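Everything on this sheet refers to the single structure shown next.
Small disclaimer: the values here were computed from a predicted structure and weren't measured. Proteins get letters first, then strands, A, B, ... in listed order; numbering begins at 1 in each.
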Amino acid sequence: MNLKFLRDNPEQARRILELRKCAFDLDGLLELDERRRSLSTERDELRHRQKQMSAQVAKAKQEGQDAAGLMDQAKELSAKVKELDAKVSEVEQAQEERARMLPNIVHESVNEEDVVVSEWGQKPEFGFKPLAHWDLGEALDILDFKASAQLAGSRFTVFKGAGALLRRAMLAYFLDLHTKEHGYTEVGLPVLANRESMEGAGQLPHMEGENYAMRDDPLYLIPTSETPLANLHRGQTLEASDLPKKYVAYTLCFRREAGSYGKDVRGMIRVHQFDKVELFRYVEPDKSYDALEEMLKEAEAAVKGLGIPYRVKRLAAWDIAYQSAKTYDIDAWAAGVGRWLEISSVSNCEDYQMRRNRTRLRLAGGKTGYPHALNGSGLALQRTFVALIENNQQEDGSVLIPEVLRPYMNGLERIS
RNA sequence: GGAGAGGUGGCCGAGUGGUCGAAGGCGACCGCUUGCUAAGCGGUUAUGCGGGUAAUACCGUAUCAUGGGUUCGAAUCCCAUCCUCUCCGCCA
């Protein structure tokens, strides 16, 4: 939500905040805005007079007249302008700070509760008790949680041997699928981002404690490649003819998981460092909701390819990220832990990020507006890995490799 | 890490204290022309904020990397920061 929207539709804004269950002092912000506008108008008027005065001084000097009197008056005005200017910046800054904490609007199709919109595949049946991935992984010697704990602490993972190969194969499969079948351009990105990038994508300031910050440099480990991808064209004005821009990136992602003590502590369902292939699109505003549906299908294609049963949820208003106006989640069924795991989140952020980082779009009449930005996981590796090995485990303890991955694994058909 | 050079509009590039939002060129767009042919001529050509309008128009103000300072007045002078480039060092 931007200020103009707030000013023009305060009631709608209030409703959105309610839906999101977001405590935000809307009136306080609007008051600040009111104050800012009146102060800056006053300041501009004074400055106008001061400029006229300066012009008179210049003229007088040119004509060889004494300008001392004029200069004294101008000096006085100048001091007043300076004073007011300081006030204006103060209010501006306060307002900006608050406005940065505003979430995006919520699309009208979003409900107050999560809604499962589709389901695909069959949950596997076993004639034995399926193992959770931590047991299965250690038994097959493809995951080593003792080693990761020793290296970095809890919530990290060490992949070994065929496990490491499977990880690499899955990432390559995702990237190939999206570049070859779905027309995305692959980019390789930094996993460190500066403050501007973090704020531009909407991760900061409101997720402040959720990111790893560097001690010696003002940089953050990215929580998702959405962060750099949303900033790829920061400060630029894109031409409509350049759109859509479709990027896919594999990066590591880092999250402190600060608020999740005691949740998912075992295995690699919730880890501090994970792998993700991310889809990102810059599109014209009137095409963004079609693009959202397309991206959902693209993410689904990746899950289907692996043969993992899943469901698609349309998230409730209170459940979607700050920067998103509408989000679908894809949950994969993981038979070992017996749970649905979120492996993809596909969001239309509309112009929220583009406004924040000033990525503009030249419109038909030569005017400028903002493109819409969408992102979607395609897919998050660790949880997909979990679902895959848990679902594909056999009575003899081995794990079947899906067809699509075999070419990436030197033809390997099963891990045993 | 050390030394140096530089950051001006979509791009190139001029501008060292007053009418500079900024010459000139390129590009783009709009007209006109089509007897000299992948040409010519004329015009237009940034953005933020605030006001104003039904919407335009229009008005004010800000913006020459960023933030401060000097001055009646700053693209131009001073300070700090950031970024880019070159050379040296280190290094996968």
Without hydrogens or angle criteria, can the side chains of [X] and [Y] be said to hold a donor-acceptor pair below 3.5 Å?
X       : Y       : value
S225(A) : K276(A) : no
Y212(A) : R256(A) : no
E350(A) : Y370(A) : no
T41(A)  : D44(A)  : no

Is it true that [X] and [Y] have a side-chain N and a carboxylate O under 4.0 angstrom from each other?
X       : Y       : value
K21(A)  : E18(A)  : no
K75(A)  : D72(A)  : no
R155(A) : E257(A) : no
R383(A) : D264(A) : no

Nearest-angstrom distance, [atom1] atom, [N] to [M]:
N      : M      : atom1 : value
A75(B) : U86(B) : C1'   : 26 Å
C88(B) : C78(B) : C1'   : 31 Å
C64(B) : A23(B) : C1'   : 14 Å
C20(B) : G15(B) : C1'   : 9 Å
G52(B) : A57(B) : P     : 16 Å
A46(B) : A22(B) : P     : 10 Å
G73(B) : A62(B) : C1'   : 16 Å
G69(B) : C87(B) : C1'   : 34 Å

Whole-Å distance between [N] [atom2] and [X] [atom1]?
X       : N      : atom1 : atom2 : answer
K4(A)   : G48(B) : NZ    : P     : 9 Å
E196(A) : C83(B) : CD    : P     : 11 Å
K82(A)  : A62(B) : NZ    : C1'   : 16 Å
K75(A)  : U70(B) : NZ    : C1'   : 11 Å
E96(A)  : C49(B) : CD    : P     : 12 Å
L3(A)   : G50(B) : CG    : C1'   : 13 Å
M71(A)  : G73(B) : CE    : P     : 9 Å
Q95(A)  : C49(B) : CD    : P     : 11 Å

(message) Counting the atoms with a prime plus P, OP1 and OP2 as sugar-phosphate, which does A74(A) contact under 4.0 Å by heavy atoms, base, sugar-phosphate, or nothing?
(response)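 Contact class for A74(A): sugar-phosphate only.
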(message) Looking at D329(A) and E342(A), would you say the former's side chain and the latter's main chain have a donor-acceptor pair under 3.5 Å?
(response)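 Absent.
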(request) Using a 3.5 Å limit on both pairing distances, list the dot-bracket string of RNA chain B from the 5' end; Watson-Crick and G-U wobble pairs count, crossing pairs take [ ], interstrand pairs take |. (result) ((((((((.[[[..)..(.....]]]((((((.......))))))((((((......)))))).[[[[[..)....]]]]])))))))....
(message) The side chain of R360(A) is closest to which nucleotide in this list: U70(B), C72(B), G48(B)?
(response)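 When the side chain of R360(A) is considered, G48(B) is the closest of U70(B), C72(B), G48(B).
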(request) Please figure out whether R7(A) or D72(A) has its closest RNA chain B nucleotide nearer the 5' end. (result)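 Its nucleotide being nearer the 5' end, the pick is R7(A).
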(message) With the threshold set at under 4.0 Å for non-hydrogen atoms, list the residues of residues 30-52 of chain A touching RNA chain B in residue-number order.
(response)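 RNA chain B contact set from residues 30-52 of chain A: R36(A), R37(A), T41(A), D44(A), R47(A), H48(A), Q50(A), K51(A).
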(request) Sequence neighbours left out, what passes salt bridge (Lys or Arg N to Asp or Glu O under 4.0 Å) with E97(A)? Give chain and number order. (result)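 Expected list: none.
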